[in-house]
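Note sheet for the following structure.
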Amino acid sequence: MTYSSSLLPYNLRCLGEHWLAVSSSGDHIFLDDAEAESLRAGDPQSLPLSTQAALKSRFFLRSEPESLGSARLLAARRSARHETLKTGPSLHIIVPTLQCAHSCQYCQVSRALEDNGHTMPLNDLYAACDSIFDSNAPALTIEFQGGDPLLRYDLVQAAILRIVARNEVEKRSIRFVVASTLHQLNEDMCDFFKQHQVYLSTSLDGPASLHNQNRPTPTRDSYQKTIRGIGLARQHIGKDSVSALMTTAQISLKHPEVIVDEYAYQQLPEIFLRPLSLYGFAKRNQTRLGYTLNQFQMFYERALDRIIEWNRRGVYLREVYASIILNKILSPFDNGYVDLQSPTGAGSSVLVYNYDGYVYPSDEARMLAETGDTSLRLGKIGTSLAKLQESPIQQSLIQASLIEHSRDCRTCVYNPFCSPNPVDAQAQLHDLYAPASSTEHCQRHLWLFDLFYRRIRQADDNLLDLYYSWAQPDSVGE
Ligand code: SF4
């Protein structure tokens, strides 16, 4: 019997000394120049049998005639990467107020404590809570953002009670998250949060010297108050009740190691090294506050090395951005990170109910509205989910995020896991359909995927184990 095979779709990218090939299932292989040339020439039969076998098991090659089992397996692998988009919105962000005790220079949205005009009316809050159940998703995450939601704890409490009451009938799996400075957190709040299994998420930009400079308050003790809040939450709600993330400001760039060390000292199991968003106020102050992608890359790699060093010493610390990328590369089950979905998860898997009475497709879209660009509003709070999904803006977001509609993405080796980000394109270039390669989103993710493929190739067994543990879907934040 003659063995023959044909090539399935794939893309190639040169990573310095080696070539990276990624198949449409998202599986990858590293090739040398000659092997890459054989593949490009459509002559995989000239490759050693072991390489052909590897290519076949990773969906680069199929036998002729194709077996039904292998076609089904490929379809299932592709489908698993889009699983989170099928159930309807599962992440619902409620913004009860923009008030905040901090006055961070780079913050896009917050308003001073005495500013009362930026808080959600109760009728909108209840309408938002009820709308959440329009989604068919069996598991719902409801996240309170701000400003600082704990400055309007009354609204947070009212929303949680309303959702819990409705869920007596709905019986969904519900997870509540409150993103806060934790400055206002007290024992009564902790008791309520414990009763309703509410998780807390806070910001920690490093040790006191960095955090207090980055997140100023009139009393210059934002670090001390946040650390007190973390301690209180752990004591009253539970050891794992609070997580933290950091925003990389210009002053952070020189201090990656001390920032990582602070997370290890505070026994936080994860750190999210987020670049500064270009939206809003930060964009207007870019020369004073901003930095280049290259500067962020140097900061990130030094911080990542320090995190790996802590893990080698036996202290588990996970970098969330790395987990998102490694989940895409190493796990067949996509965690559904909203910015890397095609079609976009903005509006499809995430909805934001803003204090201004409108529903937005993502947190970035509502931040953009604060700068005067309200073009991404999906509709008023209370509009049915079906109408929001049919809205012209949601349809445009979907069209603008399709790989097949983007010349840059169609031939990009990372297209099984990535996509154009129309919200980013609108914020940066005022054009949902701007070429993907002209966006900061594309440049950053191209670099991140390059970085982690290179690191995976060079990793020893211990490091690979760590990368696989970070890649598990459960371990990746939304
Ligand atoms: S956005 Fe950029 S990195 Fe992502 S698939 Fe498109 S071209 Fe590739």
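We're numbering straight along the sequence, starting at 1. Counting starts at 1 for both ligands and their atoms, following the listed order.
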(request) Could you tell me which atoms of ligand 1, counted from 1 in the order shown, lie closer than 4.0 angstrom to a heavy atom of L446? (result) 3 (S)
(request) Identify, for atom 6 (Fe) of ligand 1, the protein heavy atom at the shortest distance, and state residue, atom and that distance. (result) C409 SG, 2.3 Å
(request) Answer yes or no: is there a side-chain heavy-atom contact under 4.5 Å between T248 and L253? (result) yes
(message) Is it the case that over 12 heavy atoms from other parts of the model lie below 6.0 angstrom from the CG atom of D460?
(response) yes
(request) Give a yes/no verdict on a cation-pi contact between R175 and Y199, requiring under 6.0 Å between NZ or CZ and the six-membered ring centre and an angle within 45° of the axis. (result) yes
(message) Here's a test for you: under side-chain hydrogen bond (donor to acceptor under 3.5 Å, both in side chains), which of R318, K328, Q472 qualifies with S323?
(response) R318
(request) For C418, take its heavy atoms, then give the atoms of ligand 1 lying under 4.0 Å from any of them. (result) 1 (S), 3 (S), 4 (Fe), 5 (S)
(request) Step through the shown structure and confirm whether more than 12 heavy atoms of other residues, nucleotides or ligands are within 6.0 Å of CD on E404. (result) yes
(request) Could you establish whether S419 and ligand 1 come within less than 4.0 Å of each other, counting only heavy atoms on the residue side? (result) yes
(request) Identify, by atom number and element, the atoms of ligand 1 in contact range of D408, meaning under 4.0 Å from any of its heavy atoms. (result) 7 (S)
(request) May I ask you to identify, for C442, whether its side chain, its backbone, both or neither come under 4.0 Å of ligand 1 on a heavy-atom basis? (result) both
(message) I want to check a possible cation-pi pair here: R313 against W310, using under 6.0 Å from ring centre and within 45° of the ring axis as the test.
(response) yes
(message) Counting non-hydrogen protein atoms only, what is the nearest one to atom 8 (Fe) of ligand 1? Give residue, atom name and distance.
(response) C412 SG, 2.4 Å
